[in-house]
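This report refers to the structure that appears directly beneath it.
This one's a predicted model, so the numbers in the text were calculated from it and none came from an experiment. By convention in this document, chain letters (A, B, ...) are assigned in the order of the sequence lines, proteins followed by strands, and residues within each chain are numbered from 1.
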2 protein chains.
Amino acid sequence: MDAQERQKLFDQAKEWVLQAGRHIRDVIDEPLEIDTKSNPNDLVTHMDRNTEQFFIEKIKQHYPTHNIISEEGYGDQLDTLKNSTVWIIDPIDGTMNFVHQKRNFAISVGIFEDSVGEIGIIYDVMEDVLYTAIRGEGAYKDNQELPPLDPNLSLDESICIINSFWACENPKINGKKIQELIKKVRGTRSYGSAALEFAYVAEGIADSYITMRLAPWDIAAGIVLINEVGGNITRADGTKLDLLVNNTILVANQAIHEQIQNDYIELK
Amino acid sequence: MDAQERQKLFDQAKEWVLQAGRHIRDVIDEPLEIDTKSNPNDLVTHMDRNTEQFFIEKIKQHYPTHNIISEEGYGDQLDTLKNSTVWIIDPIDGTMNFVHQKRNFAISVGIFEDSVGEIGIIYDVMEDVLYTAIRGEGAYKDNQELPPLDPNLSLDESICIINSFWACENPKINGKKIQELIKKVRGTRSYGSAALEFAYVAEGIADSYITMRLAPWDIAAGIVLINEVGGNITRADGTKLDLLVNNTILVANQAIHEQIQNDYIELK
């Protein structure tokens, strides 16, 4: 994909994201049909499905050769990201926030070509704040370029985004080591939307984000943003992500990523 | 204080809060002078002090008989709230967010008369969102009245605001019981501004908020808001708050307050 073609694709994707967001804002106070998926707290609404359907139709019409991976299951089954252009979409990231708060959720669209993240768009719908990145051309919050992350940050002056669940006894990670991390950092936060939590690390308003199970659509756009500001993203054990499966995640400012991974993360 | 006098006091306090907020927004990108207080993560800036000074001067000039309790120490030393009108002020609640994020902080002003909370104002400065309450006259988010909290809420469908620190081994509360609560509720969040976290419970976008050490200025305005929507506020052990000292705090929807307190909170 040459630069001009990529820019055109970005402009189109951005227009659809904004259009979908406007629609969600228009109907935000209408009654929701809420179902659950894997467990009683894994929520999905008709708005997740409708928004996904909107993207599927647009992409199939305008880019019939592109593939799609999307949260609510309309997407293509892929064995590899190689040799294709793939849209990886979460129509509403942070559905629990969408249902309970009517804010703090995002539309997340990542576009990968031949396994490389080319375009990332994360739209905080109710705030009308758009985080975007094109590979090699920087990351933006609305029209403002995000500066590179502070290379001199120390862990004890950093803010870590982590859900308190991972400080508990749990089947994925040693909670006691996470408790040590919680006591080490300056503060912890938890916002309930993975895409926005990636964006906050890219923006530098938090410095790390740790979680034990994210799907491709939770992270695809965020990866492109984080890459553009010099942050590090790996699985929580420091190994490389596989975008076609669920991953544990450690996103962090590059100055503290290795220290967190080495000293505080012990997977089960 | 009769209703008319109280309304006038509310209008005046609200005007000063908005004025202080506008000033903070105007200078938000200027360099900050940052000091620490009780520990390296207990931050204070010249903007906390300047904003406090702004309120002190206004109140002393217009209400010379009123007393003031305020975070940065300019206030009056009181042995009792009885027989006086007291402004309880946090000029910037969520100073860590103010410093690291330049958002997610609030101005909090509570006005108590003869120990009773009469007026509560919490201003999310960067969002320009104003939460207000006058005793007996309801709570508002901007111009929209907040509905009473859902009396049929169940704990396992609730969202709890709690900092992950309290799930760790700590000197205040049994972290293991808190871990049980974290697993019981639908989700947890942590935003880093006590005043806003009170406001979110009042708004019903979260259903409980637990923390182990809040000062009068962190909670005064929030108490008035929560009272107006039917929520419960006590110390974490269920006993009555003393507004002149630091308190442990359990704020919750009335349907789940007792259950949280009885089944999940064990103070040390």
Could you give me the CA-CA distance, side-chain angles and deciding distance for A:R103 and B:E203, then say whether salt bridge (Lys or Arg N to Asp or Glu O under 4.0 Å) is met?
CA-CA 12 Å; A:R103 60 184 192 257; B:E203 193 183 348; 2.8 Å; yes
With side chain to side chain donor-acceptor pair (under 3.5 Å) as the test, would you mind laying out the steps for B:S190 and A:S190 before giving the verdict?
CA-CA 5 Å; B:S190 180; A:S190 180; over 6 Å; no
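Residues that satisfy the ring-ring contact (aromatic ring centres under 6.0 Å, His included) test with B:Y140, not counting sequence neighbours, are absent from this structure. In terms of the ring-ring contact (aromatic ring centres under 6.0 Å, His included) criterion, A:Y123 has no residue partners (sequence neighbours excluded).
The local environment of CZ in A:R25 is crowded, with over 12 non-hydrogen atoms from other residues, nucleotides or ligands closer than 6.0 Å. In A:D142, the CG atom is crowded: over 12 heavy atoms of neighbouring residues, nucleotides or ligands sit closer than 6.0 Å. Heavy-atom neighbours of B:K37 NZ from other residues, nucleotides or ligands within 6.0 Å: above the threshold of 12. The local environment of CG in A:D26 is crowded, with over 12 non-hydrogen atoms from other residues, nucleotides or ligands closer than 6.0 Å. In A:E145, the CD atom is crowded: over 12 heavy atoms of neighbouring residues, nucleotides or ligands sit closer than 6.0 Å.
With a 4.5 Å cut-off on non-hydrogen atoms, A:I161 does not touch chain B at all.
Between atom CG of residue B:N170 and atom CD1 of residue A:I182 there is a gap of 11.0 Å, rounded to the nearest 0.5 Å. In this structure, the separation between CE on A:M96 and CZ on B:R189 is 5.5 Å, given to the nearest 0.5 Å.
Scanning both residues, B:V185 and A:N41, for their nearest heavy atoms gives O-ND2, 4.0 Å. Between B:K183 and A:C168, the shortest heavy-atom distance links the atoms CE-CB, 3.7 Å.
Heavy-atom pairs under 4.5 Å with chain B peak, among A:Q101, A:K102, A:R186, at A:R186.
The closest side-chain heavy-atom distance from B:H100 to A:I205 is not below 4.5 Å. Side-chain contact check for A:E169 versus B:E180: every heavy-atom pair is 4.5 Å or farther apart. Residues A:Y191 and B:N104 form a side-chain contact, since some pair of their non-hydrogen atoms from C-beta on lies under 4.5 Å apart.
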